[in-house]
Amino acid sequence: MQQLNSKLVLSTPDSYYLLEVNQIVYCRESGAETTLFFKNGEQLKVGLPIKRIKDKIRRDTFFYTDDSCLVNVLYVQQLQQIAAGELLLSNGTVLSISSQKKQAVLHFLKNTARIQI
């Protein structure tokens, strides 16, 4: 696994994938596998822990909502129900933010370039 400019190279037992990092909406780890969810609706399951993927992508664009979910800030549409901790993504997915990650997520979002209305 390596990153080439804005591409991430991942492999499965039968293929290598050159993926556009900015097309990844979020990643979800389940057991020893991580599923990547893309802007176009496609999914890719790889036999890697999410931490290995996080280590290869830009830290200023992706953040954890809990220990098993990594989100691309480019696709965060709304932080809703701040007390409950839910993110609405541009593809309609709603993700919960763990109580342990809530402050880190708020800090990350506050430090992302934005216009406040």
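Side-chain atoms are counted along with the backbone in the values below, which use heavy atoms only and exclude waters and symmetry mates.
Inter-residue side-chain proximity for Phe108 and Thr61 is flagged as unmet; no heavy-atom pair is nearer than 4.5 Å. Between Leu19 and Phe38 there is a side-chain heavy-atom pair separated by less than 4.5 Å.
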Does the side chain to side chain contact (heavy atoms under 4.5 Å, CB included) test come out yes or no for Leu10 and Tyr16, once each step is laid out?
CA-CA 6 Å; Leu10 295 176; Tyr16 282 91; over 6 Å; no

For the pair Leu44 and Tyr17, evaluate side chain to side chain contact (heavy atoms under 4.5 Å, CB included) and give the outcome as yes or no after the intermediate values.
CA-CA 9 Å; Leu44 175 64; Tyr17 295 88; 3.7 Å; yes

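The distance from atom CD1 of Ile53 to atom NZ of Lys51, rounded to the nearest 0.5 Å, is 12.0 Å. Taking OG of Ser6 as the start and CD1 of Ile57 as the end, the distance is 12.5 Å to the nearest 0.5 Å. A distance of 10.5 Å separates CG in Asn91 from CG in Asn40, rounded to the nearest 0.5 Å. Here Leu88 contributes atom CG and Thr93 contributes atom OG1; the two are 8.5 Å apart, rounded to the nearest 0.5 Å. Here OG of Ser11 is found 7.0 Å from CG of Leu48. Values are rounded to the nearest 0.5 Å. The line from OG of Ser30 to NZ of Lys45 is 6.5 Å long, rounded to the nearest 0.5 Å.
In the hydrophobic clustering of ILVMFWY residues, with side-chain heavy atoms under 4.5 Å counting as a link, Ile97 and Leu106 come out together. Hydrophobic cluster membership differs between Val94 and Leu89, with clusters built from Ile, Leu, Val, Met, Phe, Trp and Tyr side chains linked at under 4.5 angstrom.
Tyr26 and Phe37 have parallel rings, their planes meeting at less than 30° on a 0 to 90° scale where 60° marks the start of perpendicular.
Looking only at distances, no side-chain donor or acceptor of Gln43 sits under 3.5 Å from a matching main-chain atom of Leu36.
Every residue was checked against the ring-ring contact (aromatic ring centres under 6.0 Å, His included) condition with Tyr75, not counting sequence neighbours, and none meets it.
For NZ of Lys39, the number of neighbouring non-hydrogen atoms (other residues, nucleotides, ligands) closer than 6.0 Å is 12 at most.
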All N/O donor-acceptor pairs, side-chain side in residues 64-73, below 3.5 Å, sequence neighbours left out:
from	atom 1	to	atom 2	distance (Å)
Asp66	OD1	Ser68	N	2.7
Asp66	OD1	Ser68	OG	3.0
Asp66	OD1	Cys69	N	3.0
Asn72	OD1	Leu74	N	3.0
Asn72	ND2	Ile24	O	3.0

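For residues 11-26, the set of pairs meeting the salt bridge (Lys or Arg N to Asp or Glu O under 4.0 Å) definition, not counting sequence neighbours, comprises Lys7-Glu20.
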